[in-house]
Amino acid sequence: MELREQITEAFRARFGAEPSVLVRAPGRVNLIGEHTDYNDGFVLPMAIDRAVWAALRPVAGRQCRVVSTDQGGEATFDLDGLERPDRGGWIEYLRGVAWALEQRGCRLSAWEGVVAGDVPIGAGLSSSAALELATARAFAAVSDLAWDAAAMARVGQYAENRWVGVNCGIMDQMISAAGRADHALLLDCRTLEFTLVPLPPAVVVVVLDTGTRRGLVGSAYNERRQQCEAAARACGVGALRDADLGALARCVDLDPLAARRARHVIGENERTLAAASAMRVGDAPALGSLMDASHVSLRDDFEVSSPALDAMVTAARSAPGCLGARMTGAGFGGCAVALVRADQVDPFVQAATADYQRATHNEPGLYVCRATDGAAVVRR
Ligand code: GLA
């Protein structure tokens with residue numbers, strides 16, 4: 001059974017009626033542009049066919065009641081008196097989004113419903129952004145709020161930064177809010193302007209889950225952010241988006257570690273713009289080479305890869321039909337992404353799986369993913 005049927009079924013079983021609203025918000029895979037978003041730079045993600053769904057109906061009063069079929073359990077929360085996270089776990093993403101919406105001055109109505117998703121958690125495919133945007137979509141539907149993708153992405157990011165306590169950039173929420181079928185989005189993280197970039201013909205995007213989950217990502221992620229901010233200050237710019245390699249070379253006082261972090265960001269912004277241009281002219285080999293270069297830079301200069309991610313990228317690179325591969329998302333574990341010739345997907349998956357298993361003894365998960373639309377009400 002598809003998730004959309006499963007969740008409708010679960011709603012009927014719990015609430016004894018048909019849901020009046022069904023929403024879907026996707027996870028994402030980032031093709032290129034990693035650790036650039038919080039440097040005001042460029043990213044090139046696509047929304048994928050793995051998503052968080054919610055089936056719901058409005059209720060009178062201020063109490064929301066939500067069942068999570070995959071996390072297990074039911075939770076309630078009051079829209080009045082939302083002040084701080086106090087329970088932990090999945091429900092805090094919903095409470096955080098409700099809080100962030102109310103902070104923006106939205107007057108929310110309550111709902112009850114079921115949430116479920118098939119975005120693997122902690123795998124670098126933005127399961128939390130998908131849950132945030134599904135929640136925002138649900139509240140927008142029952143509270144009659146206008147849907148502005150960029151504004152809602154900011155709400156999700158605000159909830160994640162201030163309520164959940166993860167200091168993420170805007171990429172994940174923005175692509176979950178604004179994704180478009182068959183396209184990646186070239187997103188300017190300074191202005192939130194984006195352009196749609198079609199996927200090149202005759203290639204597919206394969207997600208390669210290493211089966212490892214990232215550990216202490218919060219502290220390492222925040223440390224990278226601080227190093228980038230320090231490098232920007234030393235180069236005399238507000239954000240590394242505005243620096244180039246010449247300015248970096250002139251920063252003689254910058255410590256070598258911060259300089260390497262900055263070199264990654266500066267190069268990655270250039271690669272991301274070049275990747276979008278390559279896609280626009282259907283040049284898949286050029287896109288693949290840029291993805292390869294991105295991985296090397298993330299591994300050596302930004303140091304956010306892991307032995308499992310490196311082994312997966314090596315396995316992908318030597319498998320038939322592969323045009324390029326890199327880690328995707330924050331790093332330290334989770335998934336890689338590869339660009340593969342469509343007519344060689346089966347031998348690619350077989351060879352990359354076997355090679356990775358031999359190298360690591362981990363159980364990988366490889367799947368072809370389609371680019372889908374962003375958060376939407378699927379049925380009312
Ligand atoms: C995580 C964050 C994003 C972005 C990526 C790295 O996914 O949530 O904002 O910084 O890492 O590119």
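Here the structure is a predicted model, which is why all the values come from computation and not from measurement. As the structure lists them, so they are numbered: ligands from 1, and atoms in each ligand from 1. For the numbers below, each heavy atom of this structure counts, side chains included, while hydrogens, waters and symmetry mates do not.
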Query raised in the report: Is a donor on one side and an acceptor on the other found under 3.5 Å between the side chain of Glu303 and the backbone of Arg299?
Result: no
Requested in this report: Look only at interatomic distance and state if Asp172 has a nitrogen or oxygen under 3.5 Å from any nitrogen or oxygen of ligand 1.
Outcome: yes
Requested in this report: Taking the six-membered ring of Trp147 (Phe, Tyr or Trp), confirm whether the NZ or CZ of Arg137 is under 6.0 Å from its centre and within 45° of its axis.
Outcome: yes
Query raised in the report: Strictly under 6.0 Å, is that where the ring centroids of Phe194 and Phe42 end up?
Result: no
Query - Asp37 neighbourhood, listing ligand 1 atoms whose heavy-atom distance to it stays under 4.0 Å - result: 3 (C), 4 (C), 9 (O), 10 (O)
Requested in this report: Please confirm whether Glu34 comes within less than 3.5 Å of ligand 1 when only nitrogen or oxygen atoms on both sides are compared.
Outcome: yes
Requested in this report: Output the list of atoms in ligand 1 that are nearer than 4.0 Å to some heavy atom of Arg28, sorted by atom number.
Outcome: 7 (O)
Report summary line: Counting from 1 in the order shown, the ligand 1 atoms closer than 4.0 Å to a non-hydrogen atom of Tyr38 are 10 (O)
Query raised in the report: Between Arg24 and Thr372, does any side-chain donor sit less than 3.5 Å from a side-chain acceptor?
Result: yes
Report summary line: One finds that the ligand 1 atoms under 4.0 Å from a non-hydrogen atom of Gly169 are 9 (O)
Requested in this report: Give the atoms of ligand 1, by number and element, whose distance to some non-hydrogen atom of Met171 is under 4.0 Å.
Outcome: 4 (C), 5 (C), 12 (O)
Query - Trp163 ring center within less than 6.0 Å of Tyr93 ring center - result: no
Requested in this report: Please report the C-alpha distance between Phe139 and Cys64 in whole Å, then the side-chain angles of each, then the deciding distance to 0.1 Å, and finally whether the side chain to side chain contact (heavy atoms under 4.5 Å, CB included) criterion is met.
Outcome: CA-CA 10 Å; Phe139 276 115; Cys64 294; 3.9 Å; yes
